[in-house]
Amino acid sequence: MGCQLGKLAASERRTNNQANLGDGPPPAMDPRLPLTAKQKYSMLASWKGISRAMEKTGICMFIKLFEENQDLLNMFEKFRQYRTKEEQINSMELAEHANNVMNTLDEGIKGLDDLDNFFEYIHQVGASHRRIPGFKVEYFWKIETPFLAAVEATLGDRYTPNVENIYKITIKFILQTLVDGYEKSAKAPNST
C-alpha cells in the first residue's frame, strides 16, 4: 500500500512540475544567432566534452593549422622555432597559446545565451589582432578546418553528422564575429 501511495505522489509531482514548465512558449531565440534552440542546446552539451580536454584539443587544432598553413607558424614569435609535430606537441609555449585560444572559444560558446556580451567580447578579441605585426584578417578563417578536426578527434564517436553541422555553423559565426571586430577597429577613431 505504501508503495502505491508513493508512486501516486511522485506521479502527481511530475505532472505538476511539467505543467509549470510548459505553461508558455519557450523563450524566443535571438535572431542574430544562427542556431535553433535545439542546436544551441546540443552545442552547449557537446562542448562540455571539449571543455574537459581544452589543452589537448587546442594543441591538436594548432598542429593541424600548421600542417595546412606552415607559413603561419612564423606569426607566432614564442614558438615559431618548433617546426616538427613532435616539437610542437611538447612546446609549453604552444600549449599556453592553445589554451588562450580555447578559453576564448569557450567564453564565446558559453556566451551564446547573451549575444550582446558575446559580440562585445569577440569583437574585442578580433580587434586585438590588429596589434599583431603582419596579421591579415583572412587568417581567422584558416583555423576553421583545424578546429573542426580537433573537435572531431576529441569527441570521437560523439561527433555525429548533426554535431558536425552545429559546430560548422558555430565556428563560422564566431570567426565572422572576429572578422567584424577586426574590421570595425580599423574604422574606430582610436584604432591602433
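Predicted model, so just to flag it, every value in this text is computed and none were measured.
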**OP:** Find out whether I174 and I109 are in side-chain contact, i.e. whether some heavy atom of one side chain is under 4.5 Å from a heavy atom of the other.
**Re:** yes
Subject >> Derivation and outcome, salt bridge (Lys or Arg N to Asp or Glu O under 4.0 Å), residues K110 and D106 >> reply: CA-CA 6 Å; K110 288 178 179 174; D106 186 55; 3.2 Å; yes
Original post:
At their closest point, which heavy atom of C60 faces which heavy atom of A153, and how far apart are they?
Top reply: SG-CB, 4.4 Å
**OP:** Go through E107 and N103 one step at a time and tell me if the side-chain hydrogen bond (donor to acceptor under 3.5 Å, both in side chains) criterion holds.
**Re:** CA-CA 6 Å; E107 287 291 316; N103 284 327; over 6 Å; no
**OP:** Can you see which heavy atom on G108 is nearest to which on I122, and at what distance?
**Re:** CA-CD1, 4.1 Å
Subject >> 4.5 Å side-chain heavy-atom contact, L178 and H123 >> reply: no
Original post:
Quick one: salt bridge (Lys or Arg N to Asp or Glu O under 4.0 Å) pairs with a partner in residues 72-96, sequence neighbours left out?
Top reply: E67-K85
Subject >> Approximate separation, where rounding is to 0.5 Å, of Q88 CD and L94 CG >> reply: 6.5 Å
Original post:
Are Q176 and D180 side-chain neighbours, meaning at least one heavy-atom pair lies under 4.5 Å?
Top reply: yes
Original post:
F66 vs F76 aromatic rings, parallel, tilted or perpendicular, using cut-offs 30° and 60°?
Top reply: perpendicular
**OP:** For the residue pair V163 and R158, establish whether any side-chain heavy-atom pair is separated by less than 4.5 Å.
**Re:** no
**OP:** Could you tell me which residues satisfy side chain to side chain contact (heavy atoms under 4.5 Å, CB included) with L115, sequence neighbours excluded, listed by chain and number?
**Re:** D30, R32, L33, L112, F118, F119, F173
Subject >> Residue pair E152 / E164, side-chain heavy-atom distance below 4.5 Å >> reply: no
**OP:** With the side chain counted from C-beta on, respond yes when H97 and F62 share a heavy-atom pair under 4.5 Å apart, and no when they do not.
**Re:** yes
Subject >> Distance, nearest 0.5 Å, that separates CG of L35 from CD1 of I169 >> reply: 5.5 Å
Original post:
Which atoms form the tightest heavy-atom contact between M75 and G134, and what is the distance?
Top reply: CE-C, 3.6 Å
Original post:
Does the separation of the ring centres of H129 and F140 fall below 6.0 angstrom?
Top reply: yes
Subject >> Cluster overlap Y41 with M43, hydrophobic side-chain contacts below 4.5 Å >> reply: no
Original post:
Is there side-chain contact between T170 and I166, with heavy atoms separated by less than 4.5 Å?
Top reply: yes
Subject >> M102 side chain near I50 side chain, heavy-atom distance below 4.5 Å >> reply: yes
Original post:
Is the side chain of T154 donor-acceptor paired with the backbone N or O of V151 at a distance under 3.5 Å, no angle test?
Top reply: no
**OP:** Return the minimal non-hydrogen interatomic distance between P146 and K142, and the atom names on each side.
**Re:** CD-O, 3.2 Å
Subject >> From E138 atom CD to L175 atom CG, the distance as rounded to the nearest 0.5 Å >> reply: 13.0 Å
Original post:
Which pair of non-hydrogen atoms, one from A149 and one from K64, has the smallest distance, and what is that distance?
Top reply: CB-CD, 3.3 Å
**OP:** Give the minimum heavy-atom separation between Y82 and S91, together with the two atoms involved.
**Re:** CE1-OG, 3.2 Å
**OP:** Could you walk me through whether Y139 and I132 pass side-chain contact (heavy atoms from CB on, under 4.5 Å), step by step?
**Re:** CA-CA 12 Å; Y139 292 166; I132 301 169; over 6 Å; no
**OP:** Take the angle between the ring planes of F147 and Y167 and call it parallel below 30°, perpendicular above 60°, tilted in between.
**Re:** tilted
